[in-house]
Amino acid sequence: TQGPARRTAELRQQIEDANYRYYVLDDPSIPDSEYDRLLRELQALEAEHPELASTDSPTQRVGNAPSAKFAEVRHAVPMLSLANAFSPEEIHEFVARIGKETGDFEPAFSAEPKLDGLAISLRYEHGQFVRGATRGDGATGEDVTANLRTVRAIPLKLRGKAPSVLEVRGEVYMPKAAFERYNEWARKHGEKTLANPRNGAAGSLRQLDPRVTAQRPLAFFAYSLGEVEGVKLPPTHSQTLALLREFGLPVSPQVTTARGAGGLLEYFEHIGQQRDDLPYDIDGVVYKLDRYDQQRAMGFVSRAPRWAIAHKYPAQEEATT
Ligand SMILES: Cc1ccc2cc(C(N)=O)cc(O)c2n1
């Protein structure tokens, strides 16, 4: 048999690879039962050999010190809001404005579903997850690091050659099936049920005790960057999303590129048809001009970028649970 140090390193690698396969590649390598067995073996080994435990071990996701309140976090790069569009005409206007200012009348966009969850910012330093915060007012949010550590879709350390600083913005959400299962459990145990998945995600991240958050089935998709140091960014947003996947961050599998107003409206229809079958709630789709040089040419109005827009679906009547 091999020494405990080698065995813990091996178990950590297997567990992190299983998380990457499950959350990023959407292609699980081992069944949950095997995953749980590996985690239990690692927990036992670390209990026997405390000198081997480390904060980025998969066993260290659930802290046990509830905080009295959340510290404030100032976002070095403001978290942006999105202007909304509700009609095809507004999308034609959006693309026409871009054509006028960039000279590109069939520009390439990155398109993705707009998840109905909670916007958060993750900070990684030399590949280690060091801080997570809510969006707040876009300039200042709440430090919810301990709660975000319990979200298995959020890697505690990045894969491959990590930049010295990488801030990632994304949406924490509660998958529909997990929302139903949670309410089933809550009804059976006389706990309060959640009104909808968005409230489920927001409420779970606002828990002062991370052990409560750890019991909530949350997931995460990355969608943009904050502060970045020590990595050469590719020229387009879609290539940046591919880079985030390589770092081990989940990105929606529905993300694609589309050209011109026609391509955007086709995507809107395509996702609109799938909406009820998606495993998470969405309230629209988001289009972003793909090339960073064209984004810079367009700039911002107040805090909303002029190079992006959220195209919303009509509100769905809430199914009475
Ligand atoms: C810039 C920005 C701001 C909010 C966003 C929100 C979502 C979302 N809720 O999925 C996706 C995005 O790409 C976003 N992008």
Side-chain angles (χ1 to χ4, degrees), residues 23 75-86 91 94 98 108-122 132-141 148 151 153-154 167-176 179 196-202 205 218-228 233 236-245 249-258 264 267-268 270-272 274-275 278-292 294-296 298-313 315-316:
Y23 290 103
H75 300 299
V77 173
M79 289 184 68
L80 303 172
S81 49
L82 289 172
N84 288 330
F86 296 89
I91 301 305
F94 170 61
I98 289 172
F109 290 89
S110 169
E112 66 196 273
K114 186 172 180 298
L115 272 78
D116 199 4
L118 195 75
I120 54 112
S121 181
L122 305 175
T134 61
R135 179 180 178 285
D137 62 4
T140 309
L148 287 171
V151 179
I154 294 176
E167 275 188 1
V168 175
R169 274 78 199 270
E171 198 85 358
V172 166
Y173 66 95
M174 187 177 280
K176 287 178 192 167
F179 167 73
N196 56 54
R198 192 204 173 291
N199 290 6
L205 284 188
L218 299 176
F220 169 74
F221 277 140
Y223 57 59
S224 80
L225 293 179
E227 194 181 348
V228 179
L233 289 182
T236 65
H237 177 65
S238 45
Q239 288 168 300
T240 294
L241 293 179
L243 189 63
L244 293 184
R245 279 200 187 97
L249 290 148
V251 171
S252 167
Q254 314 287 345
V255 169
T256 185
T257 51
L264 297 184
Y267 182 77
F268 181 76
H270 168 66
I271 295 294
Q274 290 180 29
R275 188 178 183 190
L278 288 176
Y280 35 75
D281 278 353
I282 65 170
D283 59 353
V285 294
V286 178
Y287 311 130
K288 294 178 178 175
L289 200 49
D290 205 23
R291 278 174 41 185
Y292 287 138
Q294 292 182 332
Q295 289 186 9
R296 278 192 292 276
M298 294 302 293
F300 300 77
V301 168
S302 73
R303 228 201 290 284
R306 295 179 68 232
W307 41 263
I309 203 157
H311 186 175
K312 310 294 281 283
Y313 292 113
Q316 278 182 313

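The figures that follow rest on heavy atoms only: side chains count, while hydrogens, waters and symmetry mates do not. Every number for a ligand or one of its atoms is a count from 1 in the order of the listing.
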Tell me which protein heavy atom sits closest to atom 3 (C) of ligand 1, plus the residue, atom name and distance to 0.1 Å.
L80 O, 3.4 Å
Does E112 approach ligand 1 within less than 4.0 angstrom via side chain, backbone, both or neither, non-hydrogen atoms only?
side chain
Which bit of E171 is near ligand 1, meaning a heavy atom under 4.0 Å away: side chain, backbone, both or neither?
side chain
Measure P113 to ligand 1 on non-hydrogen atoms and call it side chain, backbone, both or neither using the 4.0 Å cut-off.
backbone
Winner among W307, Y287, Y223 once heavy atoms are compared against atom 6 (C) of ligand 1:
Y223
Structural part of R169 in contact with ligand 1, heavy atom criterion under 4.0 angstrom:
neither
Relative to each other, are the rings of Y313 and F268 parallel, tilted or perpendicular (30° and 60° limits)?
parallel
So do H311 and Y287 actually touch side chain to side chain, heavy atoms under 4.5 Å?
yes
Ring centres under 6.0 angstrom apart (F221, Y280):
yes
the protein heavy atom lying closest to atom 8 (C) of ligand 1 turns out to be L115 N, 3.6 Å
Filtering L118, V286, L82 for the heavy atom nearest atom 2 (C) of ligand 1 leaves L82
Can you measure from CD (E167) to NE2 (H75) and round to the nearest 0.5 angstrom?
8.5 Å
Does the side chain of K288 reach to within under 4.5 Å of the side chain of E112, using non-hydrogen atoms?
yes
With side chains defined as the heavy atoms from C-beta onward, is the minimum distance between L82 and K114 less than 4.5 Å?
yes
Let me confirm one number: the NE2-CG distance from H237 to L225, rounded to the nearest 0.5 Å.
8.0 Å
For atom 15 (N) of ligand 1, the closest protein heavy atom turns out to be K288 NZ, 3.0 Å
